[in-house]
K.L.:
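Please see the structure below; I have some questions.
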There are 2 protein chains.
Amino acid sequence: MRSTKTLLLTLLLPSLVFAASSDRQSVEPVKIIEQASNINEVQAELGKMLFFDPRLSSSNYISCNSCHNLATGGVDNLKSSVGHKWVLGPINSPTVLNSELNFVQFWDGRAKDLQEQAAGPIENPKEMAFTHNLAVDTISTIPQYRAKFKQAYGSETITMTELTHAIAEFEKTLRTPNSRFDQWLMGDDSAITSTELAGYNTFKAKGCTACHNGSLLGGNMYQKMGIVKKYITDNEEVGRYAVTKNESDKFVFKVPTLRNIELTYPYFHDGAEWDLTQAVITMSDIQLGLPITQEEAESITAFLKTLTGEIPQVTLPHLPPSTIETPRPTVN
Amino acid sequence: MRSTKTLLLTLLLPSLVFAASSDRQSVEPVKIIEQASNINEVQAELGKMLFFDPRLSSSNYISCNSCHNLATGGVDNLKSSVGHKWVLGPINSPTVLNSELNFVQFWDGRAKDLQEQAAGPIENPKEMAFTHNLAVDTISTIPQYRAKFKQAYGSETITMTELTHAIAEFEKTLRTPNSRFDQWLMGDDSAITSTELAGYNTFKAKGCTACHNGSLLGGNMYQKMGIVKKYITDNEEVGRYAVTKNESDKFVFKVPTLRNIELTYPYFHDGAEWDLTQAVITMSDIQLGLPITQEEAESITAFLKTLTGEIPQVTLPHLPPSTIETPRPTVN
């Protein structure tokens with residue numbers, strides 16, 4: 001009798017889970033993170049090498065991974081990033097995890113996708129401080145790279161197009177599926193605690209999901225930092241205004257993802273807030289104009305911590321050595 | 001008939017290889033790199049986390065891996081390393097690969113082993129610019145680290161002793177066995193070409209093995225940089241003299257390993273030489289006082305490139321997040 005029950009349950013469970021899954025995802029404003037798919041493995045493998053290669057910077061000291069560190073949630077956990085000659089960047093580094101799912105890239109949306117984004121830091125004097133030509137020249141002097149580009153793109157002739165495409169292809173692999181919250185969304189009631197569920201309900205009731213929704217809980221719209229009350233900061237970034245020059249776009253930024261938020265402190269575009277609960281309180285105050293108790297904020301924080309997914313296991317690439325033709329680093 | 005021959009060969013081959021192996025290692029001045037053994041896996045896993053953790057630096061930007069990059073031969077491929085606030089270090093970063101096998105650590109031998117070495121950069125103002133107390137305090141605020149220390153060392157109370165022991169235990173895993181040259185040493189005649197073998201014979205005939213011998217081809221004695229002729233450099237390091245204050249120890253350094261030398265450019269303690277063949281010519285000139293032809297130097301270079309072993313496959317750790325109690329980074 002017992003084994004028949006078990007058998008029935010085993011047979012029924014997948015369809016039950018599927019039903020619950022469909023139901024919750026169709027009614028909730030938050031969607032799961034899907035596994036990466038349609039990845040070109042050869043291009044992604046090359047892109048991983050480039051992502052970790054400090055020879056894309058003038059100093060040969062800074063790689064993509066320096067500021068989007070895959071050991072620390074795809075960020076550097078600094079207010080703003082350390083760049084060439086220790087110059088500090090103007091804005092907090094967004095996480096590279098799940099970044100493909102953003103509707104645009106950078107806080108101000110000035111790049112339409114990851115490929116366009118990847119070209120930016122290489123030539124930014126406050127970041128990698130290189131030039132696109134020098135980056136391409138550097139990589140082109142290394143025979144193992146030429147062979148990899150040939151394999152990935154059919155030609156040994158390297159341009160920024162393939163170089164940034166490969167980096168983007170690697171970055172597309174950096175999804176964090178299967179967080180406890182996603183397990184709950186897919187129908188597993190036991191995946192989150194009642195406190196965490198209460199936090200999610202408060203998150204929705206307060207209106208946080210007006211901006212933080214979808215699979216990223218963010219990353220799909222622009223919003224002003226300080227809708228109801230002015231946000232006080234010494235950070236000079238003007239947001240979307242820098243791109244559009246529309247007065248109404250001042251201090252308008254892409255809504256950041258809340259996925260893996262527990263790992264991606266400090267918070268806000270200026271990296272001013274290190275305490276997640278305090279960040280929730282500030283958001284409620286300046287974005288929604290709503291009072292929020294410490295208890296409510298802590299409950300939302302508990303929910304937010306269920307958004308930490310399975311972080312990709314990344315094996316460090318073995319980068320091929322430079323040759324006598326490779327341009328030497330310019331450290332100073 | 002054919003299959004009987006094959007069978008016989010298959011049966012005999014292991015003993016033949018073993019015989020050849022024993023023979024070559026006993027007669028040659030170079031020994032193979034053995035696989036790491038007697039590793040405490042729990043301590044090494046913790047040590048890997050610490051090796052990659054930038055929170056051991058004042059800025060939270062620099063980790064052990066910044067200068068001993070496991071994507072690039074365990075070095076940073078810079079003349080000297082970039083440290084806190086972009087201060088450049090006084091000397092070229094030695095590789096962490098196989099570093100356990102050095103008879104002492106640092107160019108001037110001021111640390112007796114890897115554990116003692118690991119403590120140095122953390123508090124060096126030109127490197128990680130932290131203090132030991134702050135490093136311990138930082139790590140101690142992170143519950144996942146406390147649990148790992150408890151698991152590895154039996155107590156949640158962290159001191160520099162366990163912290164540096166764990167890093168050293170991880171570094172001990174970083175061996176590069178099975179280079180083509182080691183395969184040859186173990187009896188596989190086809191592992192290196194006749195040109196490479198000729199290079200090895202020249203390397204011995206010129207006397208390079210007087211200092212570059214053993215499993216590291218170096219790392220087991222001190223030697224003056226410029227025995228026969230003064231070495232001209234603008235580097236101010238005085239070598240072993242800094243430790244002993246003996247006049248005769250001026251410009252005396254630990255002989256560096258030649259293992260994976262193809263990956264660990266630029267060469268010499270001052271990182272002045274980027275061209276391996278030119279480094280060979282300079283060594284012959286100032287250390288041995290011997291003329292050497294370009295052809296001989298290129299042949300030695302070909303041999304040296306057979307010393308690149310199997311580089312460890314290192315999966316990036318996922319570092320646990322800081323807490324509200326964790327000291328914040330001091331970037332400037």
Side-chain angles (χ1 to χ4, degrees), chain A residues 48-49 51-55 57 59-63 65-67 69-73 75-88 260-266 271 274-278 305 308 310-324 326 328-329 331-332, chain B residues 48-49 51-55 57 59-63 65-67 69-73 75-88 260-266 271 274-278 305 308 310-324 326 328-329 331-332:
Chain A
K48 182 169 88 168
M49 293 168 69
F51 186 88
F52 281 96
D53 203 323
R55 286 170 295 193
S57 67
S59 63
N60 288 13
Y61 181 65
I62 300 174
S63 71
N65 193 65
S66 299
C67 303
N69 191 339
L70 294 173
T72 53
V75 300
D76 52 15
N77 295 134
L78 298 175
K79 273 187 75 155
S80 71
S81 294
V82 172
H84 189 64
K85 297 192 193 179
W86 212 264
V87 169
L88 302 185
N260 309 298
I261 190 79
E262 158 181 36
L263 306 177
T264 62
Y265 56 88
W274 293 79
D275 181 341
L276 185 50
T277 302
Q278 194 52 54
K305 290 185 177 176
T308 304
E310 286 171 3
I311 309 295
Q313 293 283 346
V314 177
T315 304
L316 272 184
H318 295 154
L319 301 179
S322 295
T323 65
I324 285 305
T326 309
R328 305 271 161 79
V331 181
N332 273 323
Chain B
K48 183 170 89 168
M49 293 169 69
F51 186 87
F52 281 96
D53 203 323
R55 285 170 295 192
S57 67
S59 64
N60 288 11
Y61 181 65
I62 299 175
S63 71
N65 192 66
S66 299
C67 303
N69 191 338
L70 294 172
T72 54
V75 300
D76 53 14
N77 295 135
L78 298 175
K79 273 187 75 158
S80 71
S81 294
V82 171
H84 190 63
K85 295 191 193 178
W86 211 265
V87 169
L88 301 185
N260 310 299
I261 190 79
E262 159 181 37
L263 306 178
T264 63
Y265 55 87
W274 293 79
D275 181 342
L276 185 50
T277 302
Q278 193 53 52
K305 290 185 177 177
T308 305
E310 286 171 4
I311 309 295
Q313 294 281 347
V314 176
T315 304
L316 272 185
H318 295 154
L319 301 178
S322 295
T323 65
I324 284 305
T326 310
R328 305 271 162 78
V331 181
N332 272 323

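Just so it is clear: chains get the letters A, B, ... in the order the sequence lines come, proteins before strands, and each one is counted from 1. All values below were derived from every heavy atom in this structure, side-chain atoms included, with hydrogens, water molecules and symmetry-related copies excluded. All values reported here derive from a predicted model rather than from experimental measurement.
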K.L.:
What distance do B:T315 atom OG1 and A:L70 atom CG have between them, rounded to the nearest 0.5 Å?
P.N.:
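Here the rounded value is 12.5 Å.
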
K.L.:
Does any backbone or side-chain atom of B:T264 lie under 4.5 Å from a heavy atom of chain A? Answer side chain, backbone, both or neither.
P.N.:
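Nothing of B:T264, per the 4.5 Å heavy-atom cut-off to chain A.
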
K.L.:
At a heavy-atom separation under 4.5 Å, does A:S66 approach chain B through its side chain, its backbone, both, or neither?
P.N.:
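Answer is both: backbone and side chain atoms of A:S66 are under 4.5 Å from chain B.
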
K.L.:
What are the two closest non-hydrogen atoms of A:S322 and B:Y265, and how far apart are they?
P.N.:
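Looking at all heavy atoms of both residues, the closest pair is N-OH, 2.8 Å.
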
K.L.:
For B:S59, which atoms come within 4.5 Å of any heavy atom of chain A: side chain, backbone, both, or neither?
P.N.:
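Answer is both: backbone and side chain atoms of B:S59 are under 4.5 Å from chain A.
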
K.L.:
Is chain A contacted by the side chain of B:L319, its backbone, both, or neither, given a heavy-atom distance below 4.5 Å?
P.N.:
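Backbone plus side chain of B:L319, per the 4.5 Å heavy-atom cut-off to chain A.
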
K.L.:
Find the one option among B:T72, B:N332, B:L316, B:T323 whose heavy-atom pairs under 4.5 Å with chain A are most numerous.
P.N.:
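Looking at each of B:T72, B:N332, B:L316, B:T323 in turn, B:L316 comes out on top.
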
K.L.:
Quick one: do B:S81 and A:Y61 satisfy side chain to side chain contact (heavy atoms under 4.5 Å, CB included)? Show the steps, please.
P.N.:
CA-CA 9 Å; B:S81 294; A:Y61 181 65; over 6 Å; no

K.L.:
Between A:P321 and B:E262, what is the shortest heavy-atom contact and its length?
P.N.:
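Smallest interatomic distance, heavy atoms only, reads CB-O, 3.6 Å.
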
K.L.:
Considering only heavy atoms, which portion of A:P266 lies under 4.5 Å from any heavy atom of chain B: side chain, backbone, both, or neither?
P.N.:
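For A:P266, no heavy atom lies under 4.5 Å from chain B.
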
K.L.:
For chain B, which of A:L263, A:D275, A:T277 has the most heavy-atom pairs under 4.5 Å?
P.N.:
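Highest number of heavy-atom pairs under 4.5 Å: A:D275.
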
K.L.:
Output the option from A:H84, A:K85, A:M49 having the highest count of non-hydrogen pairs under 4.5 Å with chain B.
P.N.:
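The candidate making the most pairs under 4.5 Å is A:K85.
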
K.L.:
Side chain from CB out, backbone as N, CA, C, O: work out which of these in B:L78 comes under 4.5 Å of a heavy atom of chain A, or both, or neither.
P.N.:
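Side chain only.
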
K.L.:
Which one, B:V314, B:N77, B:T326, leads in non-hydrogen pairs under 4.5 Å with chain A?
P.N.:
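The answer is B:V314.
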
K.L.:
Flag the pair A:V331 / B:W86 as yes when at least one side-chain heavy-atom distance between them is below 4.5 Å, and no otherwise.
P.N.:
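They are in contact (side-chain heavy atoms under 4.5 Å apart), so the answer is yes.
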
K.L.:
What part of B:L276 is in contact with chain A, defined as an atom under 4.5 angstrom from a non-hydrogen atom: side chain, backbone, both or neither?
P.N.:
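No part of it gets close to chain A.
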
K.L.:
Quick check: does any side chain N or O of A:H318 sit under 3.5 Å from a backbone N or O of B:P312, one acting as donor and the other as acceptor?
P.N.:
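Yes, A:H318 side chain to B:P312 backbone: donor-acceptor pair under 3.5 Å.
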
K.L.:
So which of B:P317, B:P54, B:C67, B:S63 has the largest heavy-atom pair count under 4.5 angstrom toward chain A?
P.N.:
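Looking at each option in turn, the highest pair count goes to B:P317.
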
K.L.:
By a 4.5 Å heavy-atom criterion (distance strictly below it), what part of B:D76 contacts chain A: side chain, backbone, both, or neither?
P.N.:
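Only the backbone of B:D76 comes within 4.5 Å of chain A.
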
